[in-house]
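Numbered from 1 within each chain, the chains take letters A, B, ... in sequence-line order.
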There are 2 protein chains.
Amino acid sequence: MAVSPPKPKDMPLNALRALEAAARLGGFAAAADELGVTPAAVTAHVKGLEAELGAPLFARGAKGVELTALGKRTAPAFAQAFDALSQAVRDLREEALPQVVHVAALPAIAQLWLSPRLPALRAEAPDIAVSITAMEAPPNLKRSPYDLCLFYGDGAVGRITDDALFPVCAPSFLPRLQGVEDLAAVPCLSDATWCDDWANWLAVAVPDGRVVPRGPVFSLYALAVEEAVNGAGVLMGRRALIAAHVARGALVQPFGPQVPIAEGLHLWAARPLRRSHPIWRVARLLGQG
Amino acid sequence: MAVSPPKPKDMPLNALRALEAAARLGGFAAAADELGVTPAAVTAHVKGLEAELGAPLFARGAKGVELTALGKRTAPAFAQAFDALSQAVRDLREEALPQVVHVAALPAIAQLWLSPRLPALRAEAPDIAVSITAMEAPPNLKRSPYDLCLFYGDGAVGRITDDALFPVCAPSFLPRLQGVEDLAAVPCLSDATWCDDWANWLAVAVPDGRVVPRGPVFSLYALAVEEAVNGAGVLMGRRALIAAHVARGALVQPFGPQVPIAEGLHLWAARPLRRSHPIWRVARLLGQG
DNA sequence: TATTAGGCTTAGAAAATCTGAGGCATAGAT
DNA sequence: ATCTATGCCTCAGATTTTCTAAGCCTAATA
């Protein structure tokens with residue numbers, strides 16, 4: 001029976017967060033990814049909790065981990081608590097700096113769609129600073145410090161614009177593209193993550209389907225666009241992203257139809273907002289632009 | 001505009017906890033005490049948050065700190081979130097080890113009142129393990145991993161027993177105590193935290209009040225009791241705590257009245273419990289004993 | 001005027017946390 | 001049946017966070 005200060009240490013908060021993420025995402029690797037650490041760290045955290053608890057929270061299998069009954073019963077409470085905490089942090093940030101709006105967007109969208117609209121945004125709302133972070137996938141808004149997300153998606157809510165595919169090239173490149181069949185003879189630029197765009201367009205434009213496009217692949221769509229502008233080849237363009245270049249004549253459509261795609265640009269916020277709120281104002285200005 | 005992994009680090013959880021505690025308790029020193037760290041650590045945490053936030057959360061004054069308007073607005077959300085988190089941890093612990101009940105008690109109560117009752121408790125509920133932690137002040141049940149608290153208090157809810165003061169000594173010491181006035185001539189044992197007990201009893205027993213007790217002071221009441229049993233002097237006893245010694249004849253009351261005191265033994269739980277719950281069973285068994 | 005209480009600062013120490021490399025086991029593919 | 005990919009584990013060492021200790025400062029109190 002100890003007397004004075006036998007500090008009954010609580011469980012470490014970071015370990016609890018790891019547990020929560022692993023439980024919610026169904027795996028240590030996914031949790032590690034969300035938390036921005038290695039899976040080994042998550043392993044260690046969960047193991048520490050289980051050791052202090054004296055009972056396993058996950059059943060380990062070769063195909064991954066699964067929550068034990070104990071974990072299943074207790075995990076939701078942690079999710080809620082951390083949600084509340086994240087929300088509190090977001091509110092705190094916002095109260096402290098109400099004039100900064102953090103936008104998360106796909107790199108291509110950030111550079112090709114959002115960037116050209118920023119001057120107008122600044123003009124309309126000079127009091128608001130817009131900070132943009134590019135990332136491959138939409139963040140978990142409940143856990144990340146972003147106010148708005150701008151990505152491709154396929155619902156109706158939050159849709160800003162639909163999109164369509166069509167080939168484009170520099171005006172100087174036009175002579176080399178008399179018809180669709182010329183595609184087999186010129187470099188066909190494409191993006192690594194949208195590698196299906198060519199096939200999807202060809203399926204409509206050349207249903208007989210004997211044209212197989214070849215050409216360099218870029219990991220950044222904006223790079224491919226730049227190359228197309230420089231006359232490096234023909235690009236399968238996404239209307240929403242190359243509209244500015246087309247409008248200014250830097251890119252032209254040599255032939256063929258515009259093929260609508262299921263996904264369009266979507267903009268959404270972390271939560272409902274008052275109409276007077278800076279985040280809401282930015283969303284409205286972007287949605288109209 | 002960074003591209004891939006510009007990890008937008010969240011605020012550190014431990015710093016947020018320090019902020020919450022400081023806001024709730026109204027000072028860094030108090031927060032440090034609750035968290036079991038030095039005030040310097042709390043200072044650093046809060047300063048870190050303020051730096052990242054770009055706005056002060058506390059107004060520093062020489063007499064302590066006070067929340068700024070920003071802090072006042074945002075602190076409650078953190079308190080709620082951490083409450084939820086603590087509750088989740090408590091539930092987790094309980095689900096994992098439903099048969100262990102953690103009791104927090106005043107050292108004197110733990111040793112002199114609770115300890116003698118443990119054998120009966122074990123007999124009645126052999127499936128439950130009772131773990132006891134002694135501490136000077138009741139813990140914040142919302143933030144500490146204790147299931148039951150056993151301390152002196154003065155309400156009606158949760159009261160187990162009232163208490164009263166009267167002098168006691170070893171039977172071998174009786175000859176030296178013919179009357180109240182002899183108190184001035186013998187060692188009067190007392191406890192450091194209950195230093196008023198002698199005065200309170202004398203105020204009733206000897207209203208004229210010319211007796212001034214002198215004698216060793218102990219930081220642990222149980223030590224004073226032990227010394228009294230060993231014939232070292234006369235102790236101002238608290239009935240609830242020395243009942244066992246009196247019953248077995250190790251201590252006797254030489255003279256004078258029993259003076260009721262306002263505070264009695266109180267037992268309370270962190271939250272409402274089902275009657276079948278181990279914690280509830282322990283509480284009931286203690287409340288009846 | 002001394003004392004006390006509460007907070008700040010700094011440098012250094014301690015502890016938590018993370019990484020990186022190597023392993024193991026299973027599932028599905030060749 | 002063997003190969004490959006996935007997902008997790010372990011361990012040692014590195015890094016970062018967090019903490020302490022000691023001294024200073026200010027305002028209120030005695």
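For the pair Arg60(B) CZ and dG6(C) C1', the computed distance is 12 Å after rounding to whole Å. In this entry the distance linking CG of Leu67(B) with P of dG7(C) reads 12 Å, nearest Å. Note: CG (Leu16(A)) to P (dA16(C)) measures 14 Å, nearest angstrom. Atoms CG (Asp33(A)) and P (dT6(D)) sit 14 Å apart, rounded to a whole Å. Rounded to an integer number of Å, the gap from Phe58(B) CZ to dC8(C) P is 10 Å. Distance Phe28(A) CZ to dC18(C) C1': 16 Å, rounded to the nearest Å. Atom CG in Leu49(B) sits roughly 14 Å away from atom C1' in dT17(D) (whole-Å rounding). Here dT18(D) presents its C1' atom at 12 Å from CZ of Arg17(B), a figure rounded to the nearest Å.
One finds a side-chain N or O of His45(A) lying less than 4.0 angstrom from the OP1 or OP2 phosphate oxygen of dC18(C). Side-chain nitrogen and oxygen atoms of Lys47(B) include at least one within less than 4.0 Å of the OP1 or OP2 phosphate oxygen of dT9(C).
Taking the side chain of Asn14(A) as heavy atoms from C-beta on, and the options dC19(D), dT10(D), dT17(C), the nearest nucleotide is dT17(C). Here the nucleotide nearest the side chain of Thr43(B), chosen from dT20(D), dT9(C), dT19(C), is dT9(C). Nearest nucleotide to the side chain of Ala40(A), out of dT20(D), dT9(C), dC11(D): dC11(D). Considering only the side chain of Val65(B), dG7(C) comes nearest among dG7(C), dC8(D), dT9(C).
Two residues are said to be in side-chain contact when any heavy atoms from C-beta on lie closer than 4.5 Å; Leu202(B) and Pro213(B) meet this criterion.
No hydrogens or angles considered: nothing links the side chains of Gln87(B) and Asp83(B) as a donor-acceptor pair under 3.5 Å.
Closest-nucleotide positions on DNA chain D for Pro12(B) and Gly27(A) were compared, and the one nearer the 5' end corresponds to Gly27(A).
Within a 6.0 Å sphere centred on CZ of Arg214(B), other residues, nucleotides and ligands contribute 12 heavy atoms or fewer.
Using a 4.0 Å heavy-atom criterion, one finds that Ala29(B) contacts the sugar-phosphate atoms exclusively.
Phe58(A) and Ala23(A) make their closest contact through CZ-N, 3.8 Å (heavy atoms, listed as atom of the first residue, atom of the second, distance).
For the pair Arg238(A) and Tyr152(A), the cation sits on the ring face: its NZ or CZ lies under 6.0 Å from the ring centre, inside 45° of the axis.
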